[in-house]
2 protein chains.
Amino acid sequence: MTVICRLDDGPLRFNALRRAVNGITQRMLSITVRRLERDGLISRAVEPAVPPRVEYALTERGRSLHRVLAELVAWTEENLDEIRRDRERYDDAARAEELLAFPA
Amino acid sequence: MTVICRLDDGPLRFNALRRAVNGITQRMLSITVRRLERDGLISRAVEPAVPPRVEYALTERGRSLHRVLAELVAWTEENLDEIRRDRERYDDAARAEELLAFPA
DNA sequence: CTGTATCCCTAAAGATACTG
DNA sequence: CAGTATCTTTAGGGATACAG
């Protein structure tokens, strides 16, 4: 998801994409772009040069998936704060019940 | 995702939900519903009876997430066949290159 | 019926080093 | 620069047994 979102802003080369995703290891990005290319969601263009330049970009299918994913991202941004609050309440309630069951 | 989609058709009790999801283990469903409840996506209602009846249902937040997920499901249904075809082509090409590199 | 508790095993991801 | 290869660690999930 993150790779697709970063590539929606335009094509990126391997290390630029890696910086854009921020935190992904070289190995995982390598595996991820291969899978996305296999699924036809991104394209991989090699410019024969020394050192090599490989550019990744969304395909039309990738862009169409991004439209859906963007809604999911928007939903998350709209709901994350409240979800975090509910999680705290849930954890507090769970802790309280534990104390009731096994009083220290 | 599957649990949320199944619950969108209406509330279900634990084992009915398990049958609806079809394939999930008791352990994983238990973990999953607990996390969804913690996130405020589903509600859990216990009817005090013997044997106990516990009904799970989507909350309003869960329904709003389902609206987004339903689009993702629709996207998948629209695209899966072509993705499968692309995967085969990708794998065939990869196999062909391997043979070129290491001829038997 | 609705779950927990254990044990176990594997697939996924991290760290590190190396290469065309 | 754009990756592989290798090794190790960890978290996710299966199987099974038990419990209120």
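To find a chain, count down the sequence lines: A is the first, B the second, and so on, and within it residues start at 1.
- For D:dA2, the base has no donor-acceptor partner in the side chain of A:R53 [N/O atoms by modelled type, under 3.5 angstrom].
- A:R67 has a carboxylate O that lies under 4.0 Å from a charged side-chain N of A:E60, or vice versa, which qualifies the two as a salt bridge.
- Residue order along DNA chain D, read from the 5' end via each residue's closest nucleotide, puts A:E55 first among A:R27 and A:E55.
- Considering only heavy atoms from C-beta on, B:R44 stays 4.5 Å or farther from B:E55 through its side chain.
- Picking from D:dA2, C:dT2, C:dG14 the nucleotide with the shortest atom distance to the side chain of A:F14 gives D:dA2.
- Rounded to whole Å, the distance from CD on A:E37 to C1' on D:dA2 is 14 Å.
- Atom P of nucleotide C:dA13 and atom CD1 of A:I24 are separated by 9 Å, given to the nearest angstrom.
- Taking every side-chain heavy atom of B:Y56 into account, C:dG3 is the closest of D:dC1, C:dC1, C:dG3.
- Listed candidates were C:dG14, C:dT4, D:dC1. Nearest to the side chain of A:P51 is D:dC1.
- Comparing A:G23 and A:Q26 against DNA chain C, the residue whose closest nucleotide sits nearer the 5' end is A:G23.
- When rounded to the nearest whole Å, the span between CZ of B:R19 and P of C:dC1 equals 7 Å.
- Looking only at side-chain heavy atoms (C-beta outward), A:L72 and B:L69 come within less than 4.5 Å of each other.
- Regarding contacts with the backbone of D:dG3, every side-chain N or O of A:S30 stays at 4.0 angstrom or more from both OP1 and OP2.
- Around the CZ atom of B:R87, the shell of radius 6.0 Å holds more than 12 heavy atoms that belong to other residues, nucleotides or ligands.
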